[in-house]
Each structure stands twice: as C-alpha cells, then as structure tokens.
K.L.:
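My structure is below; once you've seen it, I'll send some questions.
Chain letters run A, B, ... following the sequence lines, proteins first and then strands; every chain starts at 1. All heavy atoms count here, side chains included; hydrogens, waters and symmetry mates do not.
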Protein chains: 2
Amino acid sequence: MKIGELARRTGLTAHTIRYYERIGLLPFAIRDHAKQRDYDGSILPWIGFIGRLKTTGMPIRDMLRYATLRAQGDATAAERGALLEQHRARVRHHLAELQACLVVLDTKIAGYAGSARGSAGDAGGSKGMEPHHDAIQQGTREPVRAGPARPL
Amino acid sequence: MKIGELARRTGLTAHTIRYYERIGLLPFAIRDHAKQRDYDGSILPWIGFIGRLKTTGMPIRDMLRYATLRAQGDATAAERGALLEQHRARVRHHLAELQACLVVLDTKIAGYAGSARGSAGDAGGSKGMEPHHDAIQQGTREPVRAGPARPL
DNA sequence: GTAGGTGTTCGAGCGCGCTCGAAGTCAAGG
DNA sequence: CCTTGACTTCGAGCGCGCTCGAACACCTAC
C-alpha cells in the first residue's frame, strides 16, 4: 500500500502521515525500489489507536512516549499500562466536565426556546454558573453589552 | 473589583482577561479615576459561561459571534439559541466519541493488567480498531518498532 | 519621599499540530 | 517519446489561544 491509499483509508493526509513518521509517531516505513513508502495493513490498527488517543485529547508528546515504549518491547508493558491509566483518568474527568457543561447548555437553550417570541431577556438559568476553576461564587446577570468585537 | 481580583476569582490570568477584552469576548470594562479596569460581579457569570463554552471546545470566533449577538439585544435570541443548539449537537457527538474511545482504552488497559508479569505481547484487543473516520477495515497487529523518536 | 505592589498599553513570541509549496524522481499509458 | 500523476524531501508558514516582557502610571504605607 502506498501513502495515498493509506491516507484514503485512514482519513489522514499524506502530508500528515509523513509528518507522523518524521516525529516518530509512525515507524519508519519500508521503501520500495523507487524509494516510496510501502505500507502493509499492520499499520492500520496503530493509526486507529493514535486517532483514538488524539480524539481523547492526548498530546502528541505523550503518544510519542507510548510509541517509544512500545518499540522497546514487552519489558515496558507496565509503564505503558500506567500511561494509559493516567490518560483514562484524564479522559474520564473531561467527560464528566463535558456532561456538566451539557446540562448548563440544555438549560440555556431551554431558556431561549421558552422565550421564543416577544421579550427574550436572559435566556437559560443564569445562576449556578461555575467558573473556570470553581472560583465564582457571586452571580447576578450576564452583561448585555459586549465590546465592538474586532474581527480577530 | 480590579483585574487582579477578577483573575483570582475566575482562574484566568490578568493577561488573558485583557486579551479577552481586546478581542471583544469581554465587554470594554469601565475604568476608574486612574484608568484601571473596575469590574462588578455581573461579569462573573458571563466569564463562567465562556469557560464552559471553552471546556466544550467552542472556538473563540464562535464565542465572539455569540457575544456579539448578545450585545445586539433580544432580537437576536433565536439566532443565539440556534448557535447553542448547533454547539450542543457537536458536544454530544464528541461526548459519544469519547465514550467509545474510553471503552477501547479500558480494553487495552485490561490487556496490560492481564499480562502483568511475564510475556506481555499485544495488550488489549487489537481488533475492532476504528480509524480516524471509520475507514479502517483491515487489522492484524500493531507494529512493534517505532522510529527513533526525535525530540520533536 | 520612597519603596512596593498593582495596574496600564503595546507588540512580539510561543507551543501545538499540522499544512503547504517547491522542485525533483519515477512508472505507466497513449 | 512524452505526458500525467503519484510519489519524494525539505523547510517555511499558519491558525489558534494565549503568554510574556518592556516601560511606564498610580496608590498606599512606612
């Protein structure tokens, strides 16, 4: 399999695949007579797993650590397991946060739906807002004016 | 409330708060006699909400859109509602993805735990891997060698 | 009066994860 | 033979979301 087909099958771009190889996230691919990368199917599960780590927000440097340990063989299994367990804990935490945020979002949206016609006012529950780090206690109403939003 | 206290209460840095004001995500704060920003508590729920949008992965430009609509008053309520609904759909989708990934992670970790001592081999289920975009069908085993991981 | 602490503006820089373009090589098809 | 197209390497550039430092202003306490 050449890089183009691998790209098609993984949803990555050829550029990205080469980039992953460059940084060591993918093994150095065997080249054919014309010095082109020649993949076999065994790379696919690994790329799939990388994709899942990425989806769950693992930074590349951690994936790299995992990949490196993997390359070192069975002796590193325990460390790899620990790494994944830490990651899982982070993912679970994030998941819980997301669920909490979803509830707030639901409330907010319900507020907008409720005030469908006529004076809308402050949609959704404007209390119980949690800050970035659980630091907000006080709460009145959200401000109505926002600055003259530059195009960024 | 001066910017330092607001920073403490929100978990943001003063730098970040100024940045948010600059780009229009926070309203232009009233300045006191010494031209220092003087906040009242009404900003807190808004910052809290921004934090939640951020947690759920909304890009700043979308928050900006929301903030701008908000600034335009009740007439934009419907559009704001739609915006949040779209966002909610994305968050739900992402949540589902995360949960699926968590299952895979669990399996993998169970595999590492199972092979605690002795020959570890390929920990976790090495089948059923989904690619980045559901494009991988084929699957054998993950590669063992990874390139000489450059420091990136 | 002076030191310390907190604030101000401005613009540059950073870390991440790609993304892209240039210039060249190679093989197959008409 | 010549075109087409997929590949190669290399290095620069980008979009995002901050992050930081410089140089200066101001208030308060000693």
K.L.:
Would you tell me if any nitrogen or oxygen in the side chain of A:R31 comes within less than 4.0 Å of OP1 or OP2 on C:dT25?
P.N.:
no
K.L.:
For C:dC18, take OP1 and OP2 only and decide whether either is under 4.0 Å from a side-chain N or O of A:K54.
P.N.:
yes
K.L.:
Output the rounded distance in Å from OH (B:Y19) to C1' (D:dG21).
P.N.:
18 Å
K.L.:
To the side chain of A:K2, which of C:dC18, D:dC7, D:dT19 is closest?
P.N.:
D:dC7
K.L.:
Using a cut-off of less than 4.0 Å, is there contact between a side-chain N or O of A:R18 and OP1 or OP2 of D:dG11?
P.N.:
no
K.L.:
Considering only side-chain heavy atoms of B:Q36, which listed nucleotide, C:dA27, C:dC20, C:dT6, is closest?
P.N.:
C:dT6
K.L.:
Indicate yes or no for a side-chain donor-acceptor contact from B:T76 to the backbone of B:Q72 under 3.5 Å, with no hydrogens or angles considered.
P.N.:
no
K.L.:
Check the distance between D:dT9's P and A:I3's CD1 and give it to me in whole angstrom.
P.N.:
8 Å
K.L.:
Closer than 3.5 angstrom, by distance alone: can the side chain of A:T68 be matched with the main-chain N or O of A:L64 as a donor-acceptor pair?
P.N.:
yes
K.L.:
Rounded to whole angstrom units, what separation is found between the NZ atom of B:K35 and the C1' atom of C:dT9?
P.N.:
11 Å
K.L.:
Strictly below 4.0 Å: does B:H33 bring a side-chain N or O up to OP1 or OP2 of D:dC27?
P.N.:
yes
K.L.:
Quick check: do A:M58 and A:L83 have side-chain heavy atoms less than 4.5 Å from each other?
P.N.:
yes
K.L.:
On DNA chain C, does the nearest nucleotide to A:T13 precede the nearest nucleotide to B:A34 from the 5' side, or the other way round? Give the residue.
P.N.:
B:A34
K.L.:
Without hydrogens or angle criteria, can the side chains of A:Y112 and B:R80 be said to hold a donor-acceptor pair below 3.5 Å?
P.N.:
yes
K.L.:
According to a strict under-4.0 Å criterion, is B:Y20 in side-chain N/O contact with OP1 or OP2 of D:dG17?
P.N.:
no
